[in-house]
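Here's the structure we're looking at; comments come further down.
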Amino acid sequence: MKIATWNVNSVKARLPTVLEVLKDIDCDVICLQEIKCETDAFPYMEIEELGYNCAVHGQKSYNGVALLSKHPLEDVEKGLPGDDSDEQARYIEALVLADRPVRVGALYLPNGNPAPGDKYDYKLSWMNRLTAHAKSLLTLEESFVLAGDYNVIPRDEDCWDIAVWRDDALALPKTRDAFHELKWLGMTEAFEAADGRAHQYSFWDYQAGAWQKGHGIRIDHLLLSPQAADRLTGVEIYKKARGLEKPSDHVPVIAELAD
DNA sequence: ATGGCAACCAATGGTTGA
């Protein structure tokens, strides 16, 4: 089965592009981030027409995540546990009832800039909550995937020029440490495991001709539990999406698991 | 040395993103 993550940067502002890409990549499960609409305003009809069940956790204007699945969804959970006062819609999880069920968490991890500051503190505390949640999910010993826009550049070679990004919230040592803590629970980063090449990007800024110049960063990731990692057969970064009319600044990253 | 783009809400500019 194929599982994708994609930050769409507003599902309403570019619905035709979104539908075209969803048709092209033809995945079993798709995690969307930055839908930028309230739950009720999600374009359910158009996406259901492509054969997807939709679980949506939205909010007005910003953030917002959704899980699309060609298989039935069960146990839908909205919001990341660990802080009842957190009102930002950045996490949704469900059990995907394929022949071999997979639990999938779709996440939009905070950007954290400027760092240091309140936003960076929020990013680090959100990452700690994600790690705590992953730790509890790992005790279930099932196939599960945490997929999303992590806003983390894992290695120097995952960006076009580390000198530009070294002091950014996406690449700071504390950010990478927190990401490693999550991985070291026993999670496998799909691209790193199945491909691992340097300079393969999932985001190119709209500004300064970043796409044309190849100035990208790799910040969209799928982390797999051991049971899911055993089934990993490949990863694709669907770079074509960045060259379409009215593109998102991110492209889908797709992991394939053996059925 | 700086800004450079896009989306949002609101409103002819400010905020956010990465």
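Each chain gets a letter, A, B and so on, in the order its sequence line appears, and its residues count up from 1.
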Which value, rounded to the nearest 0.5 Å, describes the distance between A:Ile254 atom CD1 and A:Asp220 atom CG? 12.0 Å

Residues forming a ring pair (Phe, Tyr, Trp, His ring centres under 6.0 Å) with A:Phe42, sequence neighbours excluded: A:Tyr44

Could you work out, with ring pair (Phe, Tyr, Trp, His ring centres under 6.0 Å) as the rule, every residue matching A:His180, not counting sequence neighbours? A:Trp184

Only pairs at least two apart or in different chains count here, so list each ring-ring contact (aromatic ring centres under 6.0 Å, His included) that has a residue in residues 218-259 of chain A. A:Tyr150-A:His221, A:Phe179-A:His221, A:Phe203-A:His250

When you compare B:dA6 with B:dT2, how far apart are their P atoms, in angstrom units rounded to a whole number? 23 Å

Distance between the P atoms of B:dT15 and B:dG3, in whole angstroms? 16 Å

Could you work out, with salt bridge (charged side-chain N to carboxylate O under 4.0 Å, His left out) as the rule, every residue matching A:Asp75, not counting sequence neighbours? A:Arg103

Between B:dG17 and B:dG4, how far is it from one C1' atom to the other, in whole Å? 15 Å

Output one letter per nucleotide in nucleotides 7-18 of chain B: B when a protein non-hydrogen atom lies under 4.0 Å from the base, S when only the sugar-phosphate is that close, - when neither is. SBS-----BSSB

What distance, rounded to whole Å, do you find between the two P atoms, one in B:dA10 and one in B:dC5? 25 Å

When you compare B:dA18 with B:dG14, how far apart are their P atoms, in angstrom units rounded to a whole number? 22 Å

Grab the CD-C1' distance between A:Gln212 and B:dC5 for me, whole Å please. 11 Å

Sorted by chain and residue number, the salt bridge (charged side-chain N to carboxylate O under 4.0 Å, His left out) partners of A:Glu74 (sequence neighbours excluded) come out as none

